[in-house]
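Here the structure is laid out as structure tokens; the discussion comes afterwards.
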Amino acid sequence: MADPRTVVIDGEEFEFDPDLTVLQACEEAGKEIPRFCYHERLSIAGNCRMCLVEAVGAPKPMASCAMQVKDLRGGRDGEPPEIRTNSALVKSAREGVMEFLLINHPLDCPICDQAGECDLQDQAMAYGKAGSRYAEHKRAMAEISLGPLIKTHMTRCIQCTRCVRFATEVAGVPEMGCTGRGEDAEIVSYLDAALVSELQGNVIDLCPVGALTSRPYAFRARPWEVRKTQSVDVSDALGANIRIDTEGVTVRRVMPVNNDAVNEEWISDKARFYIDGLARQRLDSPYVRGEDGKLAPASWEQAFAAIRARLDGLDGAKVGAIAGDLVSVEAMWALKGLMGQIGSPNMDCRQDGAHLPSDNRAAWLFNPTVQGIEDADAILLIGANPRLESAVLNARIRKAWLAGTEVGLIGPQVDLTYEYAPLGEDASMLSSVLDTDFGAILKDAKRPMIVLGGSALTHPDAAAIMGAAMALADEVGAVSDGWTGFGVLHTAASRVGGMEIGFVPQEGGKGTDAILDAAQSGEIEVLYLLGADEISADRLGRSFVVYQGHHGDRGAHRADVILPAAAWAEQSGLYVNLEGRPQLASRAAAPLGEAKEDWAILRALSERLGEPLPFDTIEQVRKAVFEAAPHLARLGTVEPAEWRAERGGGSVGDAPFEPVVEDFYFTNAIARASETMAECSKLQEERSGVPMAAE
């Protein structure tokens, strides 16, 4: 940083980094500067003029967002430059700008979904005049169709271009632009096409007026009518911080909460819009399969009795348990305790069969951290498609790429929204990557990063790929003091939490693939699926299946007993994101029908089996988890893993990488029940002509 520069703001002297804009300097000095077009995560446009301030000695007010501190002119006698943010000139200038902005803005506030949380409303009250001198007819603009997620009212648009800059710079999908000049200026999508970015919903939050609003949320509720709950997104493994707005028992919308270390202030479209699936295809009462082979509603006692009867006298080795992608740490801890009481060592949180060494945290954490992506100067992606596996994390990689980070990819060539060096499509390229031009870049990098994606973890040679990737990290210097540049990109919100508490095969136990093979052969006679919906029914054989979950999805269709559970938004739970950062998802709504919280179901079942689990409240479950894994008690912080490279695993063959995300919009039971996600998936296929995974 250059030497700080002294600036006088409203009569007080301050020192600032010369590279700051005047607007940023004023904010640091505690002065509120109104703005519409300026946003700290977007490039500067300088076209709304609302941020005008007075620079003493300048002939006219200046836009503080477009002027840097180092460009300010001081006094003739060496006096520091002076800025006034509350002078009569500034007040008059802001009133004039607001008057111009409102010339064509319709009086839609009573029917506008933005009302109550609208920047234009707030700033008109704070900086505008009581009336207007203009009586001309207001301009009307034609609406544009941006797809099933964003509703447009372009007559309200003030051409701040935040949406255009977000789509181009952050999302990396330049599908919007501004055409015309003066009164003819308007925001449009190119060729009038709908947006297909996985992050497009963020323009709703960015829009300072009601021009872009949420189509699924339209006319559903007002901001003062909903109850707001801080929580965590579980649609992928990033753990984006969110706010859930509920009205009564209904989840109305999801909005991002700023966390620079995780998701900044963005969330994916799936996280934002799949919540309509919470109310559809729900399991709201227990079911038991009768002698006629059909599932019939039952009481909780009848469901527990059916499970007890099937387990009576059964050897624990013939029982298996698999946890799904959306379950909390507490739920897996309770199920682990139940399996221990039954005497079963067969359990796994990796329902996709991913190869993750259970005794090596460094082999299953995203060790560089999400924020650390910006510090990397070369990134090698192996069997990863971060755009579909974690859209917000992909935006962080794009941010690093824009700053000069080089990216290489071993795997199928796909559109990642940034340029990368294609290094081959099969895993065998891993052995010769250092012989490529990108290999030289990787070796010369000060902070190289190697990212192992879901396709690599589920590859037939996953163990060998893991070993080769970790060896490569050592060879290129990706592990040094203060930097561990090896990370695993997960897709399941529950995965890291399950690994942290040891919900993996115990001594002599079977993992997911072995459990399913044993179920087909008849060796596993009872299988407990805790929200596990990504397993093919064909692999369950004739085993007795107990399904505990919230949607009538794949797991429930094959179940012999269904225990209805609360969804993630309907119960409090601990989730650990891909970095190993524990975060708490708070209960925002009540479970539907007779559904109960996951831990409570398992506690009640254990009691019916004759040996109650040692807890009666969620707090007691959490306390037991924290005693077993103390680092999980430090919410919001990452406990670094001790680096230890995996060795062996055989050789890497030339089998291709198979995508782990077939369709971005259908990755879990809630999303598959969502009508909004179905519309998005259909639009994606129509636009590309092929399913997303085949692009």
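All figures in this text were calculated on a predicted structure; none of them were measured in a lab.
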Legend entry - Student check: side-chain heavy atoms of Ile670 and Trp568 closer than 4.5 Å: yes
Inset, instruction - Please tell me if the side chains of Asn668 and Asp553 come closer than 4.5 Å, counting only heavy atoms from C-beta onward. - result: no
Inset, instruction - Check whether any side-chain heavy atom of Met347 sits under 4.5 Å from a side-chain heavy atom of Pro505, and report yes or no. - result: no
Inset, instruction - Considering only NZ, NE, NH1 and NH2 on the basic side and carboxylate oxygens on the acidic side, decide whether Glu597 and Arg587 come within less than 4.0 Å. - result: yes
Legend entry - Within 45° cone and under 6.0 Å: Lys270 NZ/CZ vs Phe664 ring: yes
Legend entry - Salt-bridge contact Arg539-Asp513 (side-chain N to carboxylate O under 4.0 Å): yes
Legend entry - Side-chain donor/acceptor of Gln302 to backbone N/O of Ser299, under 3.5 Å: yes
Legend entry - Pairing of Asp348 and Arg350 as salt bridge, 4.0 angstrom limit: yes
Inset, instruction - Check whether any side-chain heavy atom of Ile150 lies under 4.5 Å from a side-chain heavy atom of Leu195, and answer yes or no. - result: yes
Legend entry - SB check Arg603 Glu607 (cutoff 4.0 Å): yes
Legend entry - Presence of salt bridge, Asp560 and Arg558, under 4.0 angstrom: yes
Inset, instruction - Indicate the atoms forming the closest heavy-atom contact of Ala588 with Ile244, along with that distance. - result: CB-CG2, 3.7 Å
Legend entry - N-O pairing of Glu117 and Arg253 below 4.0 Å: yes
Inset, instruction - Side-chain contact test, heavy atoms from C-beta onward, threshold under 4.5 Å: evaluate it for Met677 versus Arg672 and give yes or no. - result: no
Inset, instruction - Would you check if Gln341 and Leu609 make a side-chain contact, meaning some heavy-atom pair closer than 4.5 Å? - result: no
Inset, instruction - May I ask you to say whether Glu525 pairs ionically with Arg542, meaning some side-chain N is under 4.0 Å from a carboxylate O? - result: no
Inset, instruction - For Asp108 and Cys112, indicate whether the former's side chain and the latter's backbone hold a donor-acceptor pair under 3.5 Å. - result: no
Inset, instruction - Starting from the C-alpha separation in whole Å, work towards a yes-or-no answer on side-chain contact (heavy atoms from CB on, under 4.5 Å) for Leu283 and Tyr547. - result: CA-CA 11 Å; Leu283 300 173; Tyr547 176 77; 3.7 Å; yes
Inset, instruction - State plainly whether the residues Arg252 and Asp276 are in salt-bridge range, i.e. N to O under 4.0 Å. - result: no
Legend entry - Close side-chain approach of Phe544 to Arg289, heavy-atom, < 4.5 Å: no
Legend entry - Polar side-chain atom of Arg396 near backbone of Val262 as donor-acceptor pair, under 3.5 Å: yes
Legend entry - Under 3.5 Å: donor-acceptor pair, side chain of Glu389, backbone of Asn385: yes
Legend entry - Salt bridge present between Lys510 and Glu523 (N-O < 4.0 angstrom): yes
Legend entry - ring-ring contact (aromatic ring centres under 6.0 Å, His included) partners of Phe503, counting only residues at least two apart: none
Inset, instruction - Could you tell me if the ring centre of Phe166 sits under 6.0 Å from that of Trp266? - result: yes
Inset, instruction - Run the numbers on Arg361 and Glu500 for side-chain contact (heavy atoms from CB on, under 4.5 Å), then give the verdict. - result: CA-CA 8 Å; Arg361 289 185 76 230; Glu500 294 279 13; 2.9 Å; yes
Inset, instruction - Give a yes or no on whether the backbone of Leu613 and the side-chain of Ser606 come within a donor-acceptor separation of less than 3.5 Å. - result: yes
Inset, instruction - Considering only NZ, NE, NH1 and NH2 on the basic side and carboxylate oxygens on the acidic side, decide whether Arg220 and Asp113 come within less than 4.0 Å. - result: no
Inset, instruction - Looking only at non-hydrogen atoms, find the nearest pair between Ala171 and Leu199 and report the distance. - result: CA-CD1, 4.2 Å
Legend entry - Any donor-acceptor N/O pair, Glu534 side chain to Asp352 backbone, under 3.5 Å: no
Inset, instruction - Please check if the side chain of Glu330 supplies one atom and the backbone of Leu574 the other of a donor-acceptor pair under 3.5 Å. - result: yes
Inset, instruction - Apply side-chain contact (heavy atoms from CB on, under 4.5 Å) to Met499 and Ser358, showing your working. - result: CA-CA 7 Å; Met499 299 298 293; Ser358 59; 4.2 Å; yes
Inset, instruction - Using a strict 4.0 Å threshold on nitrogen-to-oxygen distance, state whether Arg272 and Asp205 make a salt bridge. - result: yes
Inset, instruction - Please list all pairs passing the side chain to side chain donor-acceptor pair (under 3.5 Å) test where one or both residues lie in residues 226-244, with sequence neighbours left out. - result: Arg227-Thr246, Asp233-Ser235, Asn241-Asn259, Asn241-Gln583, Arg243-Asp245
Inset, instruction - Kindly determine whether Leu632 and Val576 satisfy side-chain contact (heavy atoms from CB on, under 4.5 Å), including the steps that lead there. - result: CA-CA 8 Å; Leu632 297 185; Val576 186; 3.8 Å; yes
Legend entry - Test salt bridge (Lys or Arg N to Asp or Glu O under 4.0 Å) applied to Arg608 and Glu301, step by step: CA-CA 9 Å; Arg608 304 311 189 276; Glu301 288 302 328; 2.6 Å; yes
Inset, instruction - Please confirm whether the backbone N or O of Ala589 pairs with a side-chain atom of Glu570, one donor and one acceptor, at under 3.5 Å? - result: no
Legend entry - Residue from Val254, Thr676, Ile204 passing side chain to side chain contact (heavy atoms under 4.5 Å, CB included) with Ser214: Ile204
Inset, instruction - Using a strict cut-off of less than 4.0 Å between a Lys/Arg side-chain nitrogen and an Asp/Glu carboxylate oxygen, indicate whether Arg215 and Glu679 qualify as a salt bridge. - result: no
Inset, instruction - Decide yes or no for Phe666 and Ser681: does some side-chain heavy atom of the first lie under 4.5 Å from some side-chain heavy atom of the second? - result: yes
Inset, instruction - Taking all heavy atoms of Val196 and all of Tyr665, pick out the closest pair and write down the distance. - result: O-OH, 4.1 Å
Inset, instruction - Give the minimum heavy-atom separation between Asn346 and Gly509, together with the two atoms involved. - result: OD1-CA, 3.4 Å
Inset, instruction - For atom NZ of Lys318, decide whether the heavy atoms of other residues, nucleotides or ligands shown that lie under 6.0 angstrom number more than 12. - result: no
